[in-house]
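The shown structure was predicted, so the numbers you read here are calculated from the model rather than taken from an experiment. Counting convention: from 1, in listed order, for ligands and their atoms alike. Sequence positions, counted from 1, serve as the residue numbers for this chain.
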Amino acid sequence: MTTRDPSRRNVAAGDIIIRQGEVGDRAYVLEDGRVEILVTNADGRVYSAGFRGPGHLLGEMALVDRGPRAATVRAIDDCMLTVVSEADLTRRLNDADPVLRLVMEVVLDRFRETLSQGAAAAALPSVTATPRDTRPDRQAEKPLGALERLRMAADLRDALDTGDLSLRYQPMVDIANGAIIGFEALLRWQHPRVGFISPDQFIPVAEETGMIVAVSAWVLDEACRALSRLDTAVATGGRPYMSVNFSSEDFVADRFAETVGETLAATGISAERLRLEITERVLMKEPDRAIETLRSCRDAGMSVAIDDFGTGFSSLSYLSAFPIDVLKIDRAFVDAMHASAKSLALVRSIIGIGKNLRMTVIAEGVETAAHATQLAALGCDQAQGYYYGKPLTEEEALARLRAAGPPSP
Ligand code: C2E
Ligand code: CA
Ligand code: CA
C-alpha cells in the first residue's frame with residue numbers, strides 16, 4: 001500500500017466535511033475558514049455543538065480507532081483543510097525515532113484506555129508494526145505493552161553498565177561422536193527488581209530501539225574473552241568455536257565486519273573460530289548490504305550460519321545467493337520430527353539441501369537419544385540441545401571441556 005503525505009483540500013461553504021456515523025480513517029486540520037459541528041440526537045433532532053476556526057483539528061479520533069464519527073462537520077465559509085490519514089500517521093510513526101514512536105504509542109494506549117472506560121472499547125489498531133515472531137513454538141509470551149517496552153529499553157541500557165547481563169554457553173557437538181566442537185553464546189539478563197527476563201522478551205525490544213548494536217558488541221566481546229579464558233584453562237583441549245547471534249540492525253550498522261574484526265584482534269581469537277548466527281529475516285531486510293557484509297566477514301575467515309532455518313518463509317533461491325556455511329534446523333522441526341511425518345520430511349529435505357549446497361547442517365533442540373540417532377541417520381553433521389547440554393556457565397563449560405580431554409587424533 002502506498003501512502004501519501006498530508007494533502008490539502010478546499011471545501012466550499014455549505015459542504016459537509018465529516019458525516020456523523022460514517023467510519024473515519026482521517027482527520028483534518030482547519031487551516032482557513034470556519035466550520036460548524038452538528039450532532040444528531042437519538043431522537044433525530046440536530047443541534048449545533050459549536051464552531052471551529054483555523055488551527056483546529058477535526059475528527060482526530062479516527063486516527064486512533066477508525067470508529068464511527070460522532071458528529072457532522074459542515075463548512076460555514078470556504079475552508080482550506082490539511083488531511084492527515086491514519087495510514088500516513090502510522091507510516092510516519094514507524095519511520096520515526098524508536099523512542100518517539102514508543103512514547104506516541106504510550107500516549108495512544110492511554111487514549112484507548114480512556115475510551116474503553118467510556119464503553120467505546122473498540123479493538124484499536126496497533127500503531128507500530130512490531131514484527132511478530134513467526135517461529136511456531138515462540139509465541140507463548142504475552143506481547144509487552146508500549147510502556148513496558150520503553151521501560152525495558154531504558155533498563156537494558158543500564159544493564160550494559162551494571163553487570164546484570166551475562167552469557168551462557170551451549171555446547172554444539174559432532175553428531176557422530178558427541179564431542180564438543182563449539183558453543184553458542186546465549187544472553188541472560190538478571191534484572192535487579194524484576195528478576196530473570198527471557199531473551200525472547202528483551203531482544204526484540206533491543207532491536208526495536210536500536211540498542212541491539214551495543215548489546216551485540218558486548219556479547220561478542222564477552223564471548224571472545226570467555227573463549228580465550230577457556231583456551232588458557234584447557235591447554236590440551238580442542239579449539240572450540242564460538243557462535244554468536246546477530247540481528248539485522250547489527251548488519252546494517254557501518255563497518256560491521258571491521259568492528260567484529262577489531263574485537264577478535266583485541267581478544268586474540270582467530271576469525272575462523274567465530275560463527276555468526278543470523279536469521280533469514282536479517283538477510284531479507286537489506287539483501288544487497290547483507291551480501292556485502294557477509295562477504296567481508298567470510299573473507300576475514302568467519303563462518304555464517306542461518307539460524308531457525310525453515311521458519312522464515314523466504315525463497316530458497318537466496319541460499320545460493322548468500323555466502324552461507326551452516327544451516328541450523330529450527331528446534332520446532334526437531335521437536336515434531338517423531339510425531340509428524342511432515343516434520344520428518346522437512347528435516348530430511350533441509351539436510352538434503354544443506355548437503356547439496358555443501359553446507360554444514362546442525363540441528364537445534366535435540367532433547368533425546370532418539371532425536372540424535374534419527375538426525376545422524378539422516379546425515380546431519382552437528383547437534384545442539386538439552387540432550388547434549390543446557391546453556392552452561394563459563395565454569396560449567398570449562399568442566400565439560402576438561403572432562404572430555406584432548407580430542408582424538
Ligand atoms: P536461538 O538463537 O534459537 O537460541 C536457542 C534457544 O533454544 C536458546 O534459548 C536455548 O536455550 C534454547 N534451547 C537450546 N537447546 C534446547 C532444547 O533442547 N530444547 C529447547 N526447548 N530449547 C533449547 P534462549 O537462550 O532462551 O534464547 C532465546 C533466543 O534469544 C535465541 O534463540 C536468540 O534468538 C535470542 N538470543 C539469545 N541470546 C542472544 C544474543 O546474544 N543476541 C541476539 N541477537 N539474540 C540472542
Ligand atoms: Ca541462535
Ligand atoms: Ca535457533
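Assignment of S216 to the shell around ligand 1 is not supported, since no heavy atom sits closer than 4.0 Å.
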Check your understanding: How far apart are the C-alpha atoms of S216 and D250, what are their side-chain angles, what is the distance that settles it, and do they pass the side-chain hydrogen bond (donor to acceptor under 3.5 Å, both in side chains) test?
Key -> CA-CA 7 Å; S216 298; D250 295 308; 2.8 Å; yes

Exercise for review: Start with the C-alpha distance between T267 and R225, add both sets of side-chain angles, then the distance that settles side-chain hydrogen bond (donor to acceptor under 3.5 Å, both in side chains), and finish with yes or no.
Suggested key: CA-CA 6 Å; T267 52; R225 284 179 200 285; over 6 Å; no

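In summary, the atoms of ligand 1 found under 4.0 Å from a heavy atom of P199, numbered by their order in the structure, are 24 (P), 26 (O), 27 (O), 28 (C), 30 (O), 37 (C). Proximity to V219 (heavy-atom distance under 4.0 Å) selects the following atoms of ligand 1: 41 (O). Near E364, the atoms of ligand 1 lying under 4.0 angstrom from a non-hydrogen atom of the residue are 3 (O). Those atoms of ligand 1 that come under 4.0 Å of a heavy atom in E184, given as number and element, are 2 (O), 4 (O). Of all atoms in ligand 1, numbered sequentially from 1 with element shown, those under 4.0 Å from a heavy atom of V366 are 18 (O). Annotation for ligand 1: atoms under 4.0 Å from non-hydrogen atoms of L186 are 4 (O), 8 (C), 10 (C), 11 (O), 25 (O), 37 (C), 38 (N). Residue S247 approaches ligand 1 through these ligand atoms, each under 4.0 Å from one of its heavy atoms: 44 (N).
Considering backbone and side-chain atoms alike, L187 places an N or O below 3.5 Å from some N or O of ligand 1.
Proximity of L274 to L276: side-chain heavy atoms (C-beta onward) are separated by under 4.5 Å at one or more points. When side chains are defined from C-beta on, Q201 does not count as touching W189, because their heavy atoms never get closer than 4.5 Å.
Only the side chain of D307 comes within 4.0 Å of ligand 1, counting heavy atoms alone; its backbone N, CA, C and O stay farther away. Contact annotation for D308 and ligand 1: only side-chain heavy atoms (C-beta onward) come within less than 4.0 Å of the ligand.
The nearest non-hydrogen atom to atom 36 (N) of ligand 1, considering only I203, L167, I212, comes from I203. Of the listed residues (R331, E277, E207), the one carrying the non-hydrogen atom nearest atom 12 (C) of ligand 1 is R331. Summarising the contacts of atom 17 (C) of ligand 1 with K328, E249, E367, the nearest heavy atom is found in E367. If you check each of L220, D200, N245, V215 against atom 40 (C) of ligand 1, the one with the closest non-hydrogen atom is N245. Of the listed options Y388, W218, Y387, Y386, Y386 places a heavy atom closest to atom 22 (N) of ligand 1. Residue nearest to atom 15 (N) of ligand 1, selected from R188, Q384, Q170: Q170 (by heavy-atom distance).
Taking the six-membered ring wherever Trp is involved, the centroid distance between the rings of F183 and Y241 does not fall below 6.0 Å.
A salt bridge does not link D308 with R281: every distance from a Lys NZ or Arg NE/NH1/NH2 to an Asp or Glu carboxylate oxygen is 4.0 Å or more. At a threshold of 4.0 Å, the pair R52-E31 does not count as salt-bridged, since none of the basic side-chain nitrogens sits closer than that to a carboxylate oxygen. Under a 4.0 Å N-O distance rule, the pair R168/E394 does not qualify as a salt bridge.
Nearby protein atoms of type N, O or S around the Ca ion (ligand 2) amount to 4 (distance under 3.0 Å).
Distance check: R295 CZ to R298 CZ gives 8.5 Å after rounding to the nearest 0.5 Å. We find the CD-CZ distance between E395 and R400 to be 15.0 Å, quoted to the nearest 0.5 Å.
Residues L167 and V219 share a closest heavy-atom pair of CD1-O, 3.6 Å. The two residues Y169 and A226 make their nearest non-hydrogen contact at OH-CB, 3.2 Å.
When only modelled atom types and interatomic distance are considered, Q384 and K328 share a side-chain donor-acceptor pair under 3.5 Å. In the model, S166 has no side-chain atom that pairs as donor or acceptor with a side-chain atom of R188 under 3.5 Å.
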